[in-house]
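For reference, the structure is listed below as structure tokens.
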Amino acid sequence: MFENSKCIAKLAPSILTADFANLGETFRMFERHPSVGYIHFDVMDGDFVPNISFGAPVVRSLAGGAKLPFDVHLMVTEPARFVEGYVTESTEFIVVHAEAAVHLDRTLRHIKSFGVKCGAALNPATPTEALDYVFDIVDQVLVMSVNPGFGGQSFIPACMDKIHRLAEIRSERGLDFKIAVDGGISRANALAVAEAGAEILIAGSAILNAADPEAELAAFDELLGGTGR
């Protein structure tokens, strides 16, 4: 459905801090840059994380006309209850937290039953072992490199070890899940994170809160070696 970028890793800009009155133009800006591979939606319920963002109606209203696939990150309690609402023609991934899904295996398979790729997220203090029995199911493992709930936080350096370990597990088991990293991603660390094994770099405030977001994305294009999708 969607072509892949030739970048060393793909950006997935989060719209958490976007100007919602001008989301159409924000999407068009993302589409102009080859380093951008996804649009990331941070769904927060005020329970699993101490913040509330937006729900399924917002995601559904933006689907269809978007030229980039959606990466939907459910930071919610009992995520299986909400999965179906985020299944749209633009949704590529729905990611749930290992800490929030009581029956993680069942929830991941539930996501895949809709023809959508599934992902499992790990908070900074959650070890990779939490996913030992679902690595063969997941299409994406999301490493939270900040404690989830708010944008603008600093990258937690210890999370680099987790990225390296996931890359080792993937190689050792002959798997092909994507490694995504969310939290504190900027041009200062994006290349190191990608070289550690991550293919999806989720950045929000580093792009949308920049003095010139378009120029910031152009700098990411050059940094990540984008030459087109």
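- For R28, the side chain to side chain donor-acceptor pair (under 3.5 Å) partners are E25, not counting sequence neighbours.
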For Y86 and F41: C-alpha separation, side-chain torsions, deciding distance, then whether ring pair (Phe, Tyr, Trp, His ring centres under 6.0 Å) applies. CA-CA 10 Å; Y86 294 92; F41 291 84; 8.6 Å; no
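- Residues satisfying the side chain to side chain contact (heavy atoms under 4.5 Å, CB included) criterion with D47, sequence neighbours excluded, are D45, T77.
- Residues A12 and H40 come closest through the heavy atom pair O-CB, 3.5 Å.
- With hydrogens and angles ignored, the 3.5 Å screen pairs a side-chain donor or acceptor of K162 with a backbone N or O of T126.
- When all heavy atoms of A9 and A198 are compared, the pair lying nearest together is CB-O, 3.6 Å.
- I15 is listed as a side-chain neighbour of F30, based on a closest heavy-atom distance under 4.5 Å.
- A donor-acceptor pair under 3.5 Å is formed between the side chain of D221 and the backbone N or O of S35.
- Atoms NE2 and CG, on H97 and L122 in that order, are 8.5 Å from each other to the nearest 0.5 Å.
- Between H73 atom NE2 and M144 atom CE the span is 5.0 Å, to the nearest 0.5 Å.
- Of all non-hydrogen atoms in V76 and V43, the two that sit nearest each other are CG1-O, 3.9 Å.
- A donor-acceptor pair under 3.5 Å is absent between the side-chain atoms of S171 and the main chain of A167, judged by distance alone.
- Nearest approach of S145 to C159, heavy atoms of both residues: CA-SG, 3.6 Å.
- From L166, atom CG reaches atom CG of L131 across 7.5 Å, with rounding to the nearest 0.5 Å.
- Going from atom NZ of K178 over to atom NZ of K10 covers 5.5 Å, rounded to the nearest 0.5 Å.
- For the pair E99 (side chain) and N123 (backbone), a donor-acceptor distance under 3.5 Å is present.
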Please report the C-alpha distance between L224 and L201 in whole Å, then the side-chain angles of each, then the deciding distance to 0.1 Å, and finally whether the side chain to side chain contact (heavy atoms under 4.5 Å, CB included) criterion is met. CA-CA 11 Å; L224 298 175; L201 307 179; 4.2 Å; yes
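- Scanning for side chain to side chain donor-acceptor pair (under 3.5 Å) contacts around Q140 gives D71, with sequence neighbours left out.
- A search for side chain to side chain contact (heavy atoms under 4.5 Å, CB included) contacts involving D105 returns R109, V134, I137, not counting sequence neighbours.
- F48 and I52 fall into different hydrophobic clusters, where Ile, Leu, Val, Met, Phe, Trp and Tyr side chains are chained together by heavy-atom contacts under 4.5 Å.
- V102 and L108 end up in different hydrophobic clusters when Ile, Leu, Val, Met, Phe, Trp and Tyr side chains are linked at under 4.5 Å.
- Shown here for P13 and V36, the closest heavy-atom pair between the two residues is CD-CG1, 3.6 Å.
- Residues passing the side chain to side chain donor-acceptor pair (under 3.5 Å) test with T88, sequence neighbours excluded: T91.
- Between the side chains of S53 and D42, no donor N or O sits under 3.5 Å from an acceptor N or O.
- Side chain of D139 to backbone of G119: no donor-acceptor contact under 3.5 angstrom is found.
- At a threshold of 4.5 Å between side-chain heavy atoms, the hydrophobic network of Ile, Leu, Val, Met, Phe, Trp and Tyr places V96 and F54 in one connected group.
- E172 pairs by the salt bridge (Lys or Arg N to Asp or Glu O under 4.0 Å) definition with R165, not counting sequence neighbours.
- The side chain to side chain donor-acceptor pair (under 3.5 Å) check on D176 picks up nothing, with sequence neighbours excluded.
- Counting only residues at least two apart or in different chains, ring-ring contact (aromatic ring centres under 6.0 Å, His included) contacts with residues 155-188 comprise F135-F177.
- With sequence neighbours excluded, the residues that form a salt bridge (Lys or Arg N to Asp or Glu O under 4.0 Å) with E78 are R81.
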Name the atoms and distances for all side-chain donor-acceptor pairs under 3.5 Å in residues 55-64, with sequence neighbours left out.
from : atom 1 : to  : atom 2 : distance (Å)
R60  : NH1    : G85 : O      : 3.2
S61  : OG     : P57 : O      : 3.4
S61  : OG     : V58 : O      : 2.7

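- Under the 3.5 Å distance criterion, with hydrogens and angles disregarded, a donor-acceptor pair is assigned to the side chains of E214 and H33.
- In terms of hydrophobic clustering, with Ile, Leu, Val, Met, Phe, Trp and Tyr side chains grouped at heavy-atom distances under 4.5 Å, F20 and F27 are assigned to a common cluster.
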Step-by-step side chain to side chain contact (heavy atoms under 4.5 Å, CB included) determination, I200 to F93: CA-CA 12 Å; I200 302 173; F93 292 102; 4.1 Å; yes
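- The shortest distance between side-chain heavy atoms of V141 and I169 does not fall below 4.5 Å.
- Atom CG of L16 is separated from atom CD1 of I202 by 12.0 Å, given to the nearest 0.5 angstrom.
- Sorted by first and then second residue, the side chain to side chain donor-acceptor pair (under 3.5 Å) pairs with a member in residues 189-202 read R170-E199; sequence neighbours excluded.
- The salt bridge (Lys or Arg N to Asp or Glu O under 4.0 Å) search around D132 returns R173, not counting sequence neighbours.
- Within the model, atoms CG of L208 and OG1 of T17 stand 4.5 Å from one another, a figure rounded to the nearest 0.5 Å.
- Residue P124 comes nearest to V146 through the heavy atom pair CG-O, 3.3 Å, listed as atom of the first residue, atom of the second, then distance.
- Each of M160 and I156 belongs to its own hydrophobic cluster when Ile, Leu, Val, Met, Phe, Trp and Tyr are linked at side-chain heavy-atom distances under 4.5 angstrom.
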